[in-house]
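In what follows, a single structure is set out as structure tokens and then discussed.
Computed from a predicted model, the values in this text were never measured in an experiment.
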Amino acid sequence: QVQLVESGGGLVQPGGSVRLSCAASGSISSILTMGWYRQAPGKQRELVATATSGGNINYADSVKGRFTISRDNAKNTVYLQMTSLKPEDTAVYYCKARISQIPSWKIDDYWGQGTQVTVSS
């Protein structure tokens with residue numbers, strides 16, 4: 001079993017900052033890709049930022065220059081530092097990880113339960 005647990009969401013004013021965390025646990029061999037997606041009411045889920053085990057990082061155009069993704073591989077954790085937040089950033093943020101498991105070595109995608117980020121004055 002593999003589990004992803006997100007934390008750090010909440011209410012923040014426009015222009016403020018929030019840091020999200022996502023910790024993976026279970027029978028993990030390696031985490032190939034770890035990242036963040038978000039879904040606003042009435043909209044499709046969209047990519048926010050991803051980071052591969054090799055260090056490649058990509059961001060959605062809408063968050064470039066404002067959000068920073070980072071990984072602590074020793075803790076199987078990924079972070080999303082969000083600054084200069086806008087009301088349109090309001091969404092449920094989901095952690096996703098592509099993980100190779102022990103002992104099967106099977107590669108599967110896992111999703112966290114999501115954490116709400118609300119940007120409002």
Side-chain angles (χ1 to χ4, degrees):
Q1 291 286 101
V2 173
Q3 302 85 36
L4 302 180
V5 179
E6 301 113 327
S7 62
L11 177 64
V12 61
Q13 294 188 2
S17 299
V18 170
R19 190 178 78 155
L20 305 182
S21 300
C22 174
S25 62
S27 55
I28 297 170
S29 176
S30 63
I31 302 177
L32 284 71
T33 304
M34 214 166 187
W36 296 92
Y37 294 71
R38 67 185 182 187
Q39 188 166 20
K43 295 185 177 181
Q44 293 282 90
R45 189 173 299 185
E46 64 178 357
L47 181 146
V48 177
T50 60
T52 71
S53 59
N56 290 326
I57 295 172
N58 69 302
Y59 297 95
D61 288 342
S62 60
V63 307
K64 286 181 179 177
R66 299 188 298 122
F67 292 7
T68 302
I69 188 171
S70 60
R71 289 176 60 162
D72 185 340
N73 292 326
K75 297 181 179 180
N76 289 332
T77 299
V78 65
Y79 305 94
L80 185 68
Q81 179 67 50
M82 303 188 292
T83 62
S84 301
L85 284 163
K86 306 173 181 179
E88 51 263 43
D89 295 318
T90 296
V92 177
Y93 284 72
Y94 296 91
C95 179
K96 191 191 85 169
R98 178 163 290 181
I99 295 173
S100 175
Q101 294 189 63
I102 297 173
S104 68
W105 319 111
K106 182 179 179 181
I107 297 173
D108 288 311
D109 290 339
Y110 295 87
W111 291 88
Q113 292 295 314
T115 184
Q116 177 72 45
V117 175
T118 301
V119 184
S120 177
S121 60

Gln81 CD: over 12 foreign heavy atoms closer than 6.0 Å: yes
Are Val78 and Tyr110 grouped together when hydrophobic residues (ILVMFWY) are joined by side-chain heavy atoms under 4.5 angstrom apart? yes
Dump the intermediate steps for side chain to side chain contact (heavy atoms under 4.5 Å, CB included) on Val117 and Val119, then the final yes or no. CA-CA 7 Å; Val117 175; Val119 184; 4.3 Å; yes
Apply side chain to side chain contact (heavy atoms under 4.5 Å, CB included) to residues Lys75 and Ser21 and explain how you reach the verdict. CA-CA 11 Å; Lys75 297 181 179 180; Ser21 300; over 6 Å; no
Kindly compute the distance separating OG1 (Thr115) from CZ (Arg38), expressed to the nearest 0.5 Å. 14.0 Å
Applying side chain to side chain contact (heavy atoms under 4.5 Å, CB included) to Leu11 and Ser120, what does each step give before you reach the verdict? CA-CA 7 Å; Leu11 177 64; Ser120 177; 4.3 Å; yes
How long is the span from the CZ atom in Arg19 to the CE atom in Met82, to the nearest 0.5 Å? 11.5 Å
For Arg66, does the CZ atom sit with more than 12 other heavy atoms under 6.0 Å from it, leaving out its own atoms? yes
Does Val92 share a hydrophobic cluster with Trp111, counting links as ILVMFWY side-chain heavy atoms below 4.5 Å and allowing steps through other members? yes
Can you tell me how far the CG atom of Leu4 sits from the CE atom of Met34, to the nearest 0.5 Å? 5.5 Å
Could you tell me whether a side-chain N or O of Ser29 sits under 3.5 Å from a main-chain N or O of Ile102, the two making a donor and an acceptor? no
How long is the span from the CZ atom in Arg71 to the OG atom in Ser53, to the nearest 0.5 Å? 6.0 Å
Any ion pair linking Lys86 and Asp89 (charged N to carboxylate O, less than 4.0 Å)? no
Dump the intermediate steps for side chain to side chain contact (heavy atoms under 4.5 Å, CB included) on Cys95 and Trp36, then the final yes or no. CA-CA 5 Å; Cys95 179; Trp36 296 92; 4.0 Å; yes
Leu47 versus Asn58: any side-chain heavy-atom pair under 4.5 Å? yes
Does a side-chain heavy-atom distance below 4.5 Å link Ser25 with Asn76? no
For Ser17 and Ser84, which heavy atoms make the closest approach, and how far apart are they? OG-N, 4.5 Å
Side-chain (Glu6) to main-chain (Gln113) donor-acceptor, under 3.5 angstrom: yes
Taking atom CD of Gln1 as the centre, report whether more than 12 heavy atoms of other residues, nucleotides or ligands fall under 6.0 Å from it. no
According to the interplanar angle, ranging from 0 to 90°, do the rings of Phe67 and Tyr93 count as parallel (below 30°), tilted (30 to 60°) or perpendicular (above 60°)? tilted
So does Ile69 get a backbone contact from the side chain of Tyr59, meaning a donor-acceptor N/O pair under 3.5 Å? yes
Shortest non-hydrogen pair, Ala51 vs Ile57, comes out as CB-CG1, 4.0 Å
For the backbone of Thr90 and the side chain of Thr118, can you confirm whether one donor and one acceptor N or O come within less than 3.5 Å of each other? no
Heavy-atom closest pair (Ser121 atom, Pro14 atom, distance to 0.1 Å) is N-CD, 3.6 Å
Kindly give the heavy-atom pair with the smallest separation between Leu80 and Ala49, and that separation in Å. CD1-CB, 4.3 Å
Just verifying a value: how many Å separate Ile99 CD1 and Ser30 OG, rounded to the nearest 0.5 Å? 9.0 Å
Applying side-chain hydrogen bond (donor to acceptor under 3.5 Å, both in side chains) between Arg98 and each of Thr33, Thr52, Asp109, report the one that passes. Asp109
At their closest point, which heavy atom of Ala97 faces which heavy atom of Ile31, and how far apart are they? CB-CG2, 4.2 Å
